[in-house]
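One structure is given here, and the rest of the page talks about it.
Both ligands and their constituent atoms are indexed starting at 1 by order of listing.
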Amino acid sequence: MKKILDFIADEVKKAFEEAGYDGSFAGVTLSNRPDLCEYQCNGALAAAKTYKKAPLAIAEDVVARLQDSRILAAAEAVRPGFINLKLNAVFLGEYLRKMQADQRLSVEPAANPRKIIIDYGGPNVAKPLHVGHLRSAIIGESIKRMGRFMGHEVIGDVHLGDWGLQMGLIITELKRRKPDLPYFDESYTGEYPKEAPFTISELEEIYPAASAYSKDHEDYRQEAMEATYLLQHGHRGYQAILQHILNVSVTDLKKNYEKLNVTFDLWKGESDAQPYIPEMVSYLKEKGYAYEDQGALVVDVKEETDAKEVPPCMILKSDGASLYTTTDLATIVERMRDYHPDEILYVVDKRQEMHFIQVFRCARKTGLVEEDTKLTFLGFGTMNGKDGKPFKTREGGVMRLEYLLQDIEEEMYHKIMDNHAIDPEEARKTAKLVGLSAIKYGDLSNQASKDYVFDLDRFTSFEGNTGPYILYTIVRIKSILNKYREMGQNPDEAVIGAPAGESEKTLMLTLSRFNAACENAFEELAPHKICAFVYELANNFNSFYHETRILSEENEAQRASWIGTLKLTRDVLEKSIDLLGFSAPERM
Ligand code: ARG
């Protein structure tokens with residue numbers, strides 16, 4: 001549907017032109033003085049210079065031509081030359097009725113749909129998911145959903161960290177513990193066992209043990225580096241261990257991401273890019289892009305305008321092993337070949353920004369990525385504890401995602417049980433939904449690039465700018481709609497009319513901005529803008545609700561109109577939280 005702002009802008013443009021001024025001056029924005037008007041146009045101020053005329057006179061000329069507009073209820077010229085606008089109530093009612101009938105709730109799909117790969121999640125196999133990976137999953141999932149809703153083809157890839165030294169460490173430790181396994185027998189040529197030689201809990205214990213041991217045992221570390229090298233160069237037994245590690249980890253990761261309502265289309269990892277490395281390396285050498293520097297193979301990526309130094313992009317270490325940059329470059333090659341996307345978007349900790357600057361520049365300069373493919377880095381800030389330092393457990397360790405989720409669910413469960421008599425089983429289910437809203441909204445309501453404080457008490461509160469408050473509002477609407485149904489009426493047949501009062505009009509005006517909000521939030525990769533919209537809408541609804549006796553209204557058409565607006569509010573809120581990656585219960 002055409003945006004409400006565009007309707008108004010077109011109307012004002014027509015008035016500018018009829019009054020003899022250029023239509024390009026007629027920009028309309030939301031009012032920054034909602035106490036005075038709903039929309040405003042500052043074009044007369046800009047036009048004043050061109051036409052050498054007082055801005056107020058121009059504003060008056062324009063306003064005179066807006067007096068019998070069907071779209072505007074009021075157009076007023078005020079000093080020094082602003083045009084204050086109010087929307088016509090009947091027009092607004094009509095607009096919402098169309099929105100009500102539209103399956104997409106007024107949101108137009110993109111005119112030029114694009115193919116976008118989102119690289120998010122990025123967990124490292126054999127290491128438990130920790131809160132550091134939480135933000136990537138939450139933000140990436142939301143952007144994926146927003147992109148799809150806007151009509152783009154979006155492919156989510158988890159891009160597992162499965163190719164570094166951690167693999168060599170696990171292999172080395174496994175060899176120390178179980179040297180008789182066939183994977184370590186160099187003369188073994190038979191099939192390897194189907195069953196992994198470890199469980200997920202063993203695996204999760206092996207890695208930290210090996211990592212700690214390697215810190216003060218140099219030969220052990222050397223051995224792990226060698227194992228990494230051998231794995232990367234096709235050692236059969238080690239490749240088989242890698243497959244076991246992947247199978248065991250991925251099963252566990254999927255379970256955890258499911259709890260977060262996060263799903264991926266591709267479960268690829270760094271190791272999948274491996275086959276592309278040798279060819280890529282020879283290409284970079286042959287074309288003269290890569291050169292040897294102290295034994296390592298590098299590509300220069302600095303630019304004259306750099307404010308801070310951008311070191312060369314390292315392709316291979318002096319021992320021939322590949323690095324994080326190598327796998328990311330090879331993954332670009334792989335993605336270009338398999339998908340030729342219009343964009344690859346990386347949702348990664350902003351502390352990795354330099355890495356991505358190097359990778360993007362290198363890929364661009366060497367033509368690994370074609371010109372029509374955009375590379376975007378969306379760097380997010382750190383989730384801190386109340387002490388302002390990266391979030392930790394009470395004991396000071398890294399918080400595992402599972403435990404964090406459990407803590408929040410527990411907290412929500414008690415709150416729900418304290419609130420009213422409810423079946424404990426239902427309360428458990430509700431606690432899961434509300435807990436997830438607390439975490440996700442708490443994260444997404446902040447601009448992604450900023451650090452934020454993870455404040456359990458604040459995030460789980462039913463009041464203020466929180467997920468539970470939004471869910472509570474939705475549940476409140478659902479309960480009114482149910483009562484309306486119990487009165488023998490059908491909310492689906494309720495026809496929205498023109499607003500009768502101020503708070504109702506404010507609510508309706510906000511609803512009418514849903515399409516603009518979605519478009520803008522996706523364009524700027526900014527889920528926090530959806531949150532801001534949702535919060536405003538929930539507040540508008542609650543003000544209206546507190547002022548209005550909806551169900552006891554005697555005038556049936558009036559009551560139906562309110563119910564129609566409520567239902568639309570519920571639909572828009574539910575669609576919005578779906579874009580954020582969580583959902584609302586029926587009751588709470
Ligand atoms: N596994 C990495 C980490 O834990 C994140 C991966 C991000 N994606 C990428 N293509 N580099 O830091």
**Asked** Could you give all pairs that pass the ring-ring contact (aromatic ring centres under 6.0 Å, His included) test and reach residues 135-159, with sequence neighbours left out?
**Response**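 Of all non-adjacent pairs touching residues 135-159, those that pass ring-ring contact (aromatic ring centres under 6.0 Å, His included) are His152-Phe522.
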Side-chain donor-acceptor pairs under 3.5 Å in residues 221-230, sequence neighbours left out?
from	atom 1	to	atom 2	distance (Å)
Gln222	NE2	Glu218	OE2	3.1
Thr228	OG1	Ala224	O	2.7

**Request:** Supply the atom-to-atom distance Leu297 CG to Leu323 CG, rounded to the nearest 0.5 angstrom.
**Result:** 10.5 Å
**Item:** Charged N-O contact under 4.0 Å between Glu258 and Lys255
**Value:** no
**Member of Arg114, Met336, Lys374 meeting the side-chain contact (heavy atoms from CB on, under 4.5 Å) criterion with Pro341** = Met336
Contact table ligand 1 N or O to protein N or O, d under 3.5 Å:
from	atom 1	to	atom 2	distance (Å)
ligand 1	1 (N)	Gly122	O	2.9
ligand 1	1 (N)	Asn124	OD1	2.8
ligand 1	4 (O)	Gly122	O	3.4
ligand 1	4 (O)	Asn124	ND2	3.1
ligand 1	4 (O)	His133	NE2	3.1
ligand 1	8 (N)	Asp119	OD1	3.1
ligand 1	10 (N)	Asp119	OD2	2.9
ligand 1	10 (N)	Asp328	OD1	2.8
ligand 1	11 (N)	Tyr324	OH	2.7
ligand 1	11 (N)	Asp328	OD1	3.4
ligand 1	11 (N)	Asp328	OD2	2.9
ligand 1	12 (O)	Gln352	NE2	2.9

Listed pairs under 3.5 Å, donor-acceptor, residues 265-277 side chains, sequence neighbours left out:
from	atom 1	to	atom 2	distance (Å)
Asp265	OD1	Arg148	NH2	3.4
Asp265	OD2	Arg148	NH2	2.8
Asp265	OD2	Gly156	N	2.7
Lys268	NZ	Glu334	OE2	2.7
Glu270	OE1	Asp162	N	3.4
Glu270	OE1	Trp163	N	3.3
Ser271	OG	Asp162	OD2	2.8
Asp272	OD2	Gly269	N	2.8
Gln274	NE2	Gln232	O	2.7

